[in-house]
There are 2 protein chains.
Amino acid sequence: MPKVGMEPIRRQQLINATMAAIDEVGLAEATVMRISRHAGVSAGIISHYFGGKDGLLEATMRQILTDLTKAVAVRRDALEDDSARAHIGAIIEGNFDRTQVTGPAAKTWLAFWASSMHKPMLQRLQNVNDRRLYSNLCHQFRRVMPRTEARNAARGLAAMIDGLWLRGALTTEGLNAEEARFLAHTYLDQLLAHYGCQQPASNTYS
Amino acid sequence: MPKVGMEPIRRQQLINATMAAIDEVGLAEATVMRISRHAGVSAGIISHYFGGKDGLLEATMRQILTDLTKAVAVRRDALEDDSARAHIGAIIEGNFDRTQVTGPAAKTWLAFWASSMHKPMLQRLQNVNDRRLYSNLCHQFRRVMPRTEARNAARGLAAMIDGLWLRGALTTEGLNAEEARFLAHTYLDQLLAHYGCQQPASNTYS
DNA sequence: ATTTTTTTATTGAACGTTCAATCAATAAAA
DNA sequence: TTTTATTGATTGAACGTTCAATAAAAAAAT
């Protein structure tokens with residue numbers, strides 16, 4: 001089997017296997033053997049490509065966060081409307097993107113979040129992403145309301161988004177993305193209603 | 001030291017020590033030795049009183065959840081006003097109670113939440129508490145709005161509360177309870193504004 | 001084209017560490 | 001003297017890491 005140029009392939013395999021393992025048995029029991037078996041390779045390969053288990057976990061978290069950032073960026077770049085509502089809507093949509101919300105990614109995200117409380121490297125990654133989300137939201141809200149109100153709106157919506165993720169990760173059926181998006185958009189409409197008073201985008205949800 | 005009637009004392013000591021240890025180093029590194037050292041007893045005592053480490057963790061989670069329930073109950077029973085807004089406000093206040101929000105309890109809560117994804121016993125406990133919160137919220141909202149809207153309001157507010165907890169557990173400074181309560185109350189006011197149209201209780205926050 | 005050499009990728013058994021659980025020994029109170 | 005509470009060294013299992021051995025591909029030589 002050994003060919004040249006295996007590195008990127010193996011790295012991706014192992015990252016995917018890590019998410020699958022965490023989805024299956026949780027971070028605590030996601031051992032190197034279980035992960036490597038999932039990827040169809042031996043345990044030693046993890047240290048070879050990632051320097052150790054910690055390196056693999058860090059790379060996995062990095063991927064989840066960059067995927068999330070990309071999902072938002074794609075929707076932002078595709079916007080025709082330049083309104084604050086449209087921008088914030090794109091952030092909401094990106095955060096409830098299919099690839100993010102689906103099983104393995106969501107459970108892994110929560111596991112890392114909890115883990116990052118006591119692992120400085122993971123905490124740093126979490127912080128960077130967190131600040132970007134807040135900063136983006138705040139910037140958009142500031143276009144239609146005063147600073148203090150914008151700050152509170154941004155914090156409220158960020159909490160709402162994370163709360164929906166959190167609850168979605170726990171339910172056995174996984175997150176109902178459609179419902180989550182509806183709730184977040186409705187909240188956004190309420191926040192904007194106090195200032196912009198533009199008519200909310202139509203929300204079709206039953 | 002050995003006296004009679006040590007059991008309830010030791011149990012409480014160990015539960016507190018568990019939260020302290022998780023607050024310090026996280027669930028993954030909260031070993032029986034670290035916990036017992038925190039409580040000033042030997043490692044063997046954990047198996048003696050809780051049947052093993054898992055028993056201690058389960059008891060700790062139970063305590064956190066019952067404390068939360070009590071914090072809500074106290075405020076509900078102290079209500080003079082019987083309005084839906086007052087009831088829901090009591091739920092919010094209870095969820096951001098001092099003892100719940102302060103360091104150890106908050107970090108432990110999040111650690112257990114993540115852990116409960118793959119431990120049936122913890123998941124069961126989480127589910128019971130979760131359903132009660134949702135059920136209470138839903139019941140109160142139904143007093144002032146139709147069923148579908150009440151359901152969504154309950155889910156939204158539950159997500160908001162959990163999201164604020166989640167973000168509070170991660171920040172090094174701990175949760176800013178005052179700000180969290182303000183955001184939750186403001187959201188509640190917005191939800192009610194669409195139906196009851198009673199004037200919101202005055203929120204003083206700068 | 002075929003064989004030999006070199007490089008790259010991978011394995012898996014062995015090692016040292018860490019942990020939870022156990023239980024015989026102990027010590028204080030009843 | 002009996003009962004209750006506690007200890008801590010020991011045990012066995014599980015884990016991540018390491019590394020000599022191996023196997024396949026690529027490159028070089030014939």
Side-chain angles (χ1 to χ4, degrees), chain A residues 1-22 24-61 108 111-112 114-115 118-122, chain B residues 1-22 24-61 108 111-112 114-115 118-122:
Chain A
M1 295 191 184
K3 292 185 207 166
V4 298
M6 280 286 102
E7 182 160 342
I9 297 171
R10 290 277 178 256
R11 288 182 72 97
Q12 195 58 55
Q13 279 181 335
L14 286 167
I15 287 174
N16 292 343
T18 302
M19 290 196 248
I22 292 176
E24 267 184 27
V25 296
L27 181 56
E29 294 184 39
T31 65
V32 292
M33 247 189 237
R34 191 184 286 269
I35 293 171
S36 56
R37 185 146 33 92
H38 234 288
V41 294
S42 83
I45 218 79
I46 288 175
S47 291
H48 184 248
Y49 282 125
F50 293 95
K53 191 190 182 184
D54 284 345
L56 174 56
L57 294 180
E58 185 191 322
T60 305
M61 184 170 184
T108 305
F112 278 138
S115 179
H118 299 96
K119 298 203 175 176
M121 174 56 75
L122 299 187
Chain B
M1 295 194 185
K3 294 184 205 167
V4 298
M6 280 287 102
E7 182 159 341
I9 296 172
R10 291 276 178 256
R11 287 181 72 97
Q12 195 56 56
Q13 278 181 335
L14 286 166
I15 287 174
N16 292 342
T18 301
M19 290 197 250
I22 291 175
E24 267 184 26
V25 297
L27 181 56
E29 294 184 38
T31 65
V32 292
M33 244 185 236
R34 191 184 286 269
I35 293 171
S36 56
R37 185 145 36 91
H38 236 287
V41 295
S42 84
I45 218 80
I46 288 176
S47 290
H48 183 248
Y49 281 125
F50 292 95
K53 192 189 181 185
D54 284 345
L56 173 56
L57 294 179
E58 184 191 322
T60 305
M61 185 171 185
T108 306
F112 279 137
S115 179
H118 300 96
K119 298 202 174 177
M121 174 57 75
L122 299 187

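Every chain is numbered from 1 and lettered A, B, ... according to where its sequence line falls, protein lines coming before strand lines.
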Rounded to whole Å, please give me the gap between [atom1] in [X] and [atom2] in [N].
| X | N | atom1 | atom2 | result |
| --- | --- | --- | --- | --- |
| B:Ile46 | D:dT7 | CD1 | C1' | 13 Å |
| B:His48 | C:dT22 | NE2 | C1' | 13 Å |
| B:Leu56 | C:dC19 | CG | P | 16 Å |
| A:Met33 | C:dA14 | CE | P | 13 Å |
| B:Glu7 | C:dA29 | CD | C1' | 17 Å |
| B:Leu57 | C:dC19 | CG | P | 15 Å |
| A:Ile9 | C:dT8 | CD1 | C1' | 14 Å |
| A:Glu58 | D:dG16 | CD | P | 17 Å |

Which heavy atom in [X] sits nearest to a heavy atom in [Y], and how many Å separate them?
| X | Y | value |
| --- | --- | --- |
| B:Leu14 | B:Ile35 | O-CG2, 4.1 Å |
| A:Ile15 | A:Phe50 | CG1-CZ, 4.2 Å |
| B:Ala30 | B:Ala21 | CB-CB, 4.2 Å |
| A:Glu24 | A:Arg34 | OE1-NH1, 4.0 Å |
| A:Phe112 | A:Leu122 | CD2-CD1, 4.0 Å |

Taking the side chain as everything from C-beta on, heavy atoms only, tell me whether B:Glu58 gets closer than 4.5 Å to B:Met61. no
With side chains defined as the heavy atoms from C-beta onward, is the minimum distance between B:Thr108 and B:Thr18 less than 4.5 Å? no
[X] side chain: which of [options] is closest?
| X | options | value |
| --- | --- | --- |
| B:Ile45 | C:dA21, C:dT11, D:dT7 | D:dT7 |
| A:Tyr49 | D:dA5, C:dA9, D:dC15 | C:dA9 |
| B:Lys53 | C:dT22, C:dA20, D:dT6 | C:dA20 |
| A:Val32 | D:dG16, C:dT10, C:dA21 | D:dG16 |
| B:Ser42 | D:dT18, D:dG8, C:dT22 | D:dG8 |
| A:Ser47 | D:dT7, D:dT18, D:dT6 | D:dT18 |
| B:Met6 | C:dT10, D:dT7, D:dT6 | D:dT6 |
| B:Thr31 | D:dT7, D:dT17, C:dA20 | C:dA20 |

Remember a base hit wins even if backbone is also touched, and classify B:Gly52 as base, sugar-phosphate or nothing at under 4.0 Å, heavy atoms. sugar-phosphate
Applying side-chain contact (heavy atoms from CB on, under 4.5 Å) between A:Ile9 and each of A:Glu7, A:Gln13, A:Gln12, report the one that passes. A:Gln13
On the nucleotide D:dC15, are OP1 or OP2 found under 4.0 Å from the side-chain N or O atoms that A:Arg34 carries? no
Five pairs at each end of the helix from C:dA1-D:dT30 to C:dA30-D:dT1: take the axis at both ends and give me the angle between them to 10°. 10°
